[in-house]
Visitor: 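Let me give you the structure first, and then I'll get to my questions.
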Amino acid sequence: MVLLYAERSDEELFRQAVTFARGLAGDDLHAISIGDDSAYSPDGTAAALSSAIQERSPSAVIAPGTDRGNEVLAHVAAQLDLPMAANCVSVTPGDPLALTRVRWGGSLLEEARLHGSPALLTVAPHAVAADAAGIETESIPAAEGRVQVSERVSATTAGVSLADADVVVSGGRGVGSAEGFAVIEELADLLNAAVGCSRAVTSAGWRPHTDQVGQTGTKVSPSLYIACGISGATQHMAGCKGAKKLLAINPDREASIFASADYVVIGDLHEVVPAISAEIRKTRGG
Ligand SMILES: Cc1cc2nc3c(=O)[nH]c(=O)nc-3n(C[C@H](O)[C@H](O)[C@H](O)COP(=O)(O)OP(=O)(O)OC[C@H]3O[C@@H](n4cnc5c(N)ncnc54)[C@H](O)[C@@H]3O)c2cc1C
C-alpha cells in the first residue's frame, strides 16, 4: 500500500501527486489529510503522519511538491530516521526504488536509488499531469506540535506582482544598500515593472523574501528581465531563465550573468540605471 499525504494548499500540485502516486501504487493507494489548516504545526502534522505510517506499514509515502508537503515529509524523515527524496519526477518500483529527481533549480536531473522503508518521496511540481478522477481522503487529527502558526499576515503587494510582471527590474548585492534600491524602484515605476532581487539582498535584509528571484524564490518569465548588480549564480538564474530577454548591468566583464544576457551594459548601475530612467522620461516628454 502507498500512503499519500493529501496536502491541498495547491490543488493542482496535489492532483499531480495523486497521478504520481497512482503510477506507483495502482489501486492500492490511501490518501490522508491531517489536522485543521488554520492551526498548522509542521512537527505536529508530521507526528500524526509518522504514527499513521507505523500503524499501516505502507511501502511508500508520497507528498505533493508544495512547501508544506516537503516540510512535513522532511519532519517525518527526521522522526522515523528514514531517508527522503524530494522533487521526484519519476519512480520505478523495486528494492531499492529507482528515482529521477530534479536538482539545482531544474538545471539537473539526478538518477538515484532510495534505500529504506517506507520510501518517502515528494513530487516535483509539473512533473506529471494532474489526476482528473479525484480521490477519497481520510482525515486524521494532527498531534500536538512544538511550533504552531499563531497568525497569518498577507504580503502587501504594491503595484505589479513579481510572478506575473511583463518587465522585472532586479537588484543584487551590487546595489549596495536598501536605500540604493531607490534607483531600481524608479526605473521599475517608469516601466510598470515589478522589483526583484537576489538572495544576497534578502539575506542582507535590504528587501523582503517575497522579492527574491531564484531557486528558493519566485520564478519569473517576463518579456524583459533587467539584472542590476547581479553576478549570475546558478541559483539566481534558475528563477529568471524563463525571461524572453535579459539585460545585465555590471562593471565586471567576467560576470557570469553576461553569458545568459541578450543585452549587456558594462558599468556602474548607480550611473546606468538613472541614465536609463532619464532617457525614458525625455522620450516621453516628462
Ligand atoms: C541552496 C541555495 C539556494 C539559493 N537560492 C537563491 C535564490 O533563490 N536566488 C538567488 O539570487 N540566489 C540564491 N542563492 C545564492 C546564490 O548562490 C548567490 O550567492 C546569489 O545569487 C548572489 O547574489 P548577487 O548576484 O546579488 O551577489 P554577488 O554574487 O555578490 O554579485 C554581486 C554583483 O554585483 C556587481 N556589482 C558590484 N558593484 C556594482 C555596481 N556599482 N553596479 C553594478 N554591478 C555591481 C559585482 O560585479 C557582482 O557581479 C542560493 C544559494 C544556495 C546555496
Side-chain angles (χ1 to χ4, degrees), residues 65-67 70-71 73-74 77 84-88 101-110 112 122 124-126 155 161-165 167-188 193-222 224-243 246-279:
T66 55
D67 288 347
N70 280 306
E71 181 176 42
L73 224 59
M84 165 197 165
N87 276 322
C88 299
R101 61 192 206 107
V102 181
R103 301 289 309 273
W104 289 91
S107 47
L108 180 76
L109 283 177
E110 177 189 82
T122 64
H126 313 295
S161 105
L162 187 56
D164 302 327
V167 180
V168 174
V169 187
S170 207
R173 201 196 304 273
V175 174
S177 64
E179 296 70 39
F181 268 84
V183 292
I184 305 287
E185 280 173 353
E186 183 191 23
L187 178 59
V195 172
C197 69
S198 70
R199 183 155 120 174
V201 167
T202 51
S203 299
W206 301 344
R207 304 287 302 184
H209 182 260
T210 42
D211 284 1
Q212 185 179 312
V213 171
Q215 183 182 327
T216 46
T218 303
K219 314 266 187 299
V220 298
S221 46
L224 176 64
Y225 187 76
I226 306 179
C228 313
I230 294 175
S231 61
T234 329
Q235 297 89 351
H236 186 81
M237 301 315 290
C240 63
K241 64 185 176 196
L246 195 155
L247 160 63
I249 303 167
N250 198 310
D252 176 6
R253 289 175 181 275
E254 304 299 319
S256 61
I257 196 156
F258 288 152
S260 315
D262 298 282
Y263 311 104
V264 161
V265 180
I266 296 170
D268 180 344
L269 73 91
H270 292 291
E271 291 169 13
V272 177
V273 174
I276 298 173
S277 296
E279 201 59 33

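Just follow the structure's listing: the first ligand is 1, and inside any ligand the first atom is 1. Everything quoted here is computed from the prediction, not taken from an experiment. Values reported hereafter were calculated over all heavy atoms of this structure, with side chains retained and with hydrogens, waters and symmetry mates removed.
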Visitor: Around atom 42 (N) of ligand 1, find the nearest protein heavy atom and jot down its residue, atom name and distance.
Guide: L269 N, 2.9 Å

Visitor: Measuring to protein heavy atoms, does anything land under 4.0 Å from atom 19 (O) of ligand 1?
Guide: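 Neighbour list for atom 19 (O) of ligand 1 is empty of protein heavy atoms (cut-off 4.0 Å).
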
Visitor: Quick one: does any side-chain atom of S170 pair with a main-chain N or O of C197 as donor and acceptor, under 3.5 Å?
Guide: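 Checked: pair present.
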
Visitor: In the protein, which heavy atom is nearest to atom 14 (N) of ligand 1, and how far is it?
Guide: Q235 CB, 3.5 Å

Visitor: Does some non-hydrogen atom of V201 fall short of 4.0 Å from ligand 1?
Guide: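 It does not, in that no heavy atom of V201 comes within the 4.0 Å cut-off of ligand 1.
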
Visitor: Between I266 and F258, is there a side-chain heavy-atom distance shorter than 4.5 Å?
Guide: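 Sidechains of I266 and F258: in contact.
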
Visitor: So, 4.0 Å and heavy atoms of G239: is ligand 1 close enough to count as a contact?
Guide: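 No, G239 has no heavy atom closer than 4.0 Å to ligand 1.
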
Visitor: Taking non-hydrogen atoms only, is S231 closer than 4.0 angstrom to ligand 1 via side chain, backbone, both or neither?
Guide: both

Visitor: Is it the side chain, the backbone, both or neither of I249 that has a heavy atom closer than 4.0 Å to ligand 1?
Guide: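 Backbone only; the side chain of I249 stays clear of ligand 1.
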
Visitor: Out of H236, Q215, K219, indicate the one that has the non-hydrogen atom closest to atom 11 (O) of ligand 1.
Guide: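 The option holding the nearest heavy atom is H236.
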
Visitor: Around atom 41 (N) of ligand 1, find the nearest protein heavy atom and jot down its residue, atom name and distance.
Guide: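 Ranked first by proximity to atom 41 (N) of ligand 1 is D268 OD1, 2.9 Å.
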
Visitor: Just do the side-chain contact (heavy atoms from CB on, under 4.5 Å) check on Q212 and V201 with the steps written out, would you?
Guide: CA-CA 8 Å; Q212 185 179 312; V201 167; over 6 Å; no

Visitor: Should the proximity of V213 to ligand 1, defined as any heavy atom under 4.0 Å, be assigned to the side chain, the backbone, both, or neither?
Guide: backbone

